[in-house]
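Everything on this sheet refers to the single structure shown next.
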2 protein chains.
Amino acid sequence: MDDGFLARAVRANHELFLLTSDRMAATFAELDITSSTASLLLEIDPEQEPPTMKALAGRLYCNAPNLTFLIDQLVARGMVERVRATKDRRQRAAVLTGKGEHTRATLMDVALAISPLRHLTTEERTAVASILEGALTRAKASSTEGDPLTTVDSTR
Amino acid sequence: MDDGFLARAVRANHELFLLTSDRMAATFAELDITSSTASLLLEIDPEQEPPTMKALAGRLYCNAPNLTFLIDQLVARGMVERVRATKDRRQRAAVLTGKGEHTRATLMDVALAISPLRHLTTEERTAVASILEGALTRAKASSTEGDPLTTVDSTR
DNA sequence: TGCAATCCTTCGATATTCGAACTAAAATTT
DNA sequence: AAATTTTAGTTCGAATATCGAAGGATTGCA
């Protein structure tokens, strides 16, 4: 039964996230943001087309009111601006300011510098990145089609 | 220039956590717990010696007041009981009730059932589990001894 | 014994997350 | 084309989470 490895992988991923967040705490405070707003900031890639509120909520797996609240934090700090979409005027997109870009870059630098994953060899990094990305891709693909039931099985 | 893989690994870990939390949401509601209290419940292994409050706070990377709040949630739901440690009467340990054990077991079942990692092959699960555990072990070892500075070492 | 350190809790302040209800702008129906 | 429905986003109020400061109890130490 290889469920043991699955359980260990799930648990390790969970702890890795907790430890990483903990190590980022001081940086968040210095940059005058919080864990949640930092996650949002990282989702706004200045190289890409400015994402809409809906797209950002999807990436953070949160709902619309929460996203409005989080974006407000970044707007209040001068890191993001809301712009109306030209084609569909219901939509608003998030655009990084210069300060927003700079803060985001610092966040990424620090995240790489403190991540426990920095101890891995190049081969290990490659393996982890590709395996996890593959799992995510397949998970998102299979959740959009078929298999609607995810009920709690009490067979225990 | 293998920082690309490191960044991808860090990002995949982050998204995996968000997606997993999102997929657990319905189960949390059914079990009358929240994401945070579920994480705490999972840290109390009925096979092990009942952990102290301090030990649990360490495992969740949170502070003492927060842990008191979280344990109160589980106590109020009849899933955990506080007991005084006999040797050091300042300490309190968390002991699972029958309901706590059952809820915890259900949580673990569902977590394995919905995790994107379940799509991985046995070899991939093994690789991810051992690599991430190794990174965590080294990260925690190097943060407790020596090297008080968390400076960015660019020698890589 | 007296003092400092440790473990935990309480309290107040701030942050986060959500559902319900709302506005504005499309898309669809009739 | 007017009416209806759907969609994108916001506002508001409630429940939860997290933290720092301060306090009580117990232990360790001089």
Side-chain angles (χ1 to χ4, degrees), chain A residues 17-18 21-41 43-44 50-77 80-95, chain B residues 17-19 21-41 43-44 50-77 79-95:
Chain A
F17 177 82
L18 295 181
S21 300
D22 185 59
R23 291 189 173 187
M24 293 294 290
T27 302
F28 292 156
E30 284 174 32
L31 296 176
D32 188 29
I33 55 180
T34 64
S35 172
S36 296
T37 50
S39 291
L40 171 56
L41 191 56
E43 294 296 341
I44 308 174
T52 65
M53 300 297 136
K54 183 185 176 75
L56 288 171
R59 291 186 211 167
L60 292 184
Y61 301 94
C62 74
N63 59 12
N66 191 15
L67 191 88
T68 295
F69 169 79
L70 294 174
I71 284 279
D72 280 345
Q73 307 294 312
L74 294 180
V75 171
R77 283 159 182 74
V80 160
E81 287 176 1
R82 280 188 179 88
V83 300
R84 299 195 88 96
T86 52
K87 46 171 195 173
D88 187 339
R89 290 174 40 78
R90 288 172 299 185
Q91 296 180 343
R92 308 268 177 116
V95 178
Chain B
F17 177 83
L18 294 181
L19 178 51
S21 300
D22 184 59
R23 292 190 171 187
M24 293 293 292
T27 302
F28 292 156
E30 286 175 33
L31 296 176
D32 187 31
I33 55 180
T34 65
S35 172
S36 296
T37 51
S39 291
L40 172 56
L41 191 56
E43 294 295 342
I44 308 173
T52 65
M53 301 296 136
K54 183 186 176 74
L56 288 171
R59 290 185 211 169
L60 292 185
Y61 300 94
C62 75
N63 60 12
N66 191 17
L67 192 88
T68 296
F69 169 78
L70 294 175
I71 283 280
D72 280 344
Q73 307 293 313
L74 295 179
V75 170
R77 283 158 182 75
M79 298 177 185
V80 160
E81 286 176 2
R82 278 188 178 89
V83 299
R84 298 195 88 97
T86 51
K87 47 172 194 171
D88 187 339
R89 291 173 39 79
R90 288 172 301 186
Q91 296 181 341
R92 307 269 176 118
V95 178

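- A:N66 has its CG atom 13 Å from the C1' atom of D:dA15, to the nearest Å.
- An OP1 or OP2 oxygen of D:dT18 is reached within less than 4.0 angstrom by a side-chain nitrogen or oxygen of B:S36.
- Considering only the side chain of B:T52, C:dC8 comes nearest among D:dA8, C:dT16, C:dC8.
- Here D:dT6 presents its P atom at 19 Å from CD of A:Q91, a figure rounded to the nearest Å.
- Within 6.0 Å of atom CD in A:Q73, more than 12 heavy atoms from other residues, nucleotides or ligands are found, so the atom counts as buried in its surroundings.
- Counting heavy atoms from C-beta outward, B:R59 and B:P51 have side chains that approach closer than 4.5 Å.
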Short N/O separations, protein against nucleotides 23-26 of chain C, under 3.5 angstrom:
{"from": "C:dA26", "atom 1": "OP1", "to": "A:R89", "atom 2": "N", "distance (Å)": "3.0"}

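- If B:A64 and A:Y61 are placed on DNA chain C by their nearest nucleotide, the residue sitting closer to the 5' end is B:A64.
- A heavy-atom distance below 4.5 Å is found between the side chains of B:I33 and B:M79.
- Between the P atom of C:dC7 and the CG atom of B:L67 lies a distance of 13 Å, rounded to the nearest Å.
- Taking atom CD of B:Q73 as the reference point, atom C1' of D:dT18 lies 13 Å away to the nearest angstrom.
- Comparing C:dT9, D:dG9, C:dA15 by their closest approach to the side chain of B:P65 singles out C:dT9.
- Comparing B:F69 and A:R92 by the nucleotide of DNA chain D that holds the closest heavy atom to each, the one mapping nearer the 5' end is A:R92.
- Atom pair A:L18:CG and D:dA17:C1' shows a separation of 14 Å (rounding to whole Å applied).
- Under 4.0 angstrom from either OP1 or OP2 of D:dA15 there lies no side-chain N or O belonging to B:T34.
- Checking D:dC19, C:dC8, D:dA17 against every side-chain atom of B:N63, the shortest atom distance belongs to D:dC19.
- One can place CG of A:L40 at 11 Å from P of C:dT17, the figure rounded to the nearest angstrom.
- A:L56 has its side chain out of reach of A:L70: every pair of non-hydrogen atoms, C-beta onward, lies at least 4.5 Å apart.
- Two residues are said to be in side-chain contact when any heavy atoms from C-beta on lie closer than 4.5 Å; B:T68 and B:R82 meet this criterion.
- Counted within 6.0 Å of CD on A:Q91, heavy atoms from surrounding residues, nucleotides or ligands total more than 12; the atom is thus considered enclosed.
- Atom CG of A:L60 and atom C1' of C:dC18 are 15 Å apart (whole Å).
- Taking the side chain as every heavy atom from C-beta outward, A:R77 and A:D32 approach each other to under 4.5 Å.
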